[in-house]
Amino acid sequence: MQELKMESKEFRRIIQNLRLEGITLHPSLQKRVVELITSGVTITPAVIKDTLKYGKV
């Protein structure tokens, strides 16, 4: 799998889809999302909630 970066076409598509749903992510949170995905952490509802609430896992 290609490494995901904030500038990648795939990530830009994800951000665009979120915008279409009325959801925006601050650039610092976007960076954290990319870090989580590339780190290999299993993305669970708890991880998402903690990241949104505290900005970290």
Review point. Who passes side chain to side chain donor-acceptor pair (under 3.5 Å) against S39, sequence neighbours left out?
Key: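 For S39 there are no side chain to side chain donor-acceptor pair (under 3.5 Å) partners, ignoring immediate neighbours.
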Exercise for review: Please name the pair of heavy atoms, one in R12 and one in E7, separated by the smallest distance, quoted to 0.1 Å.
Suggested key: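 Distance-wise, the nearest heavy atoms are CG-O, 4.2 Å.
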**Study point:** Test side chain to side chain contact (heavy atoms under 4.5 Å, CB included) applied to T42 - qualifying residues, sequence neighbours left out
**Key:**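 With neighbours one apart ignored, the set is T44.
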Check your understanding: With sequence neighbours left out, what residues match L18 under side chain to side chain contact (heavy atoms under 4.5 Å, CB included)?
Key ->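 Residues passing side chain to side chain contact (heavy atoms under 4.5 Å, CB included) with L18: I14, I15, I23, L25.
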Check your understanding: Does anything in residues 34-49 pair up under salt bridge (Lys or Arg N to Asp or Glu O under 4.0 Å), and if so which pairs, sequence neighbours excluded?
Key ->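 Residue pairs passing salt bridge (Lys or Arg N to Asp or Glu O under 4.0 Å), neighbours aside: R32-E35.
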Exercise for review: Please list all pairs passing the salt bridge (Lys or Arg N to Asp or Glu O under 4.0 Å) test where one or both residues lie in residues 16-25, with sequence neighbours left out.
Suggested key: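 Applying salt bridge (Lys or Arg N to Asp or Glu O under 4.0 Å) to every pair that reaches into residues 16-25, excluding sequence neighbours, yields nothing.
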**Study point:** Under 3.5 Å: donor-acceptor pair, side chain of S8, backbone of L4
**Key:**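 Not a single qualifying donor-acceptor pair exists.
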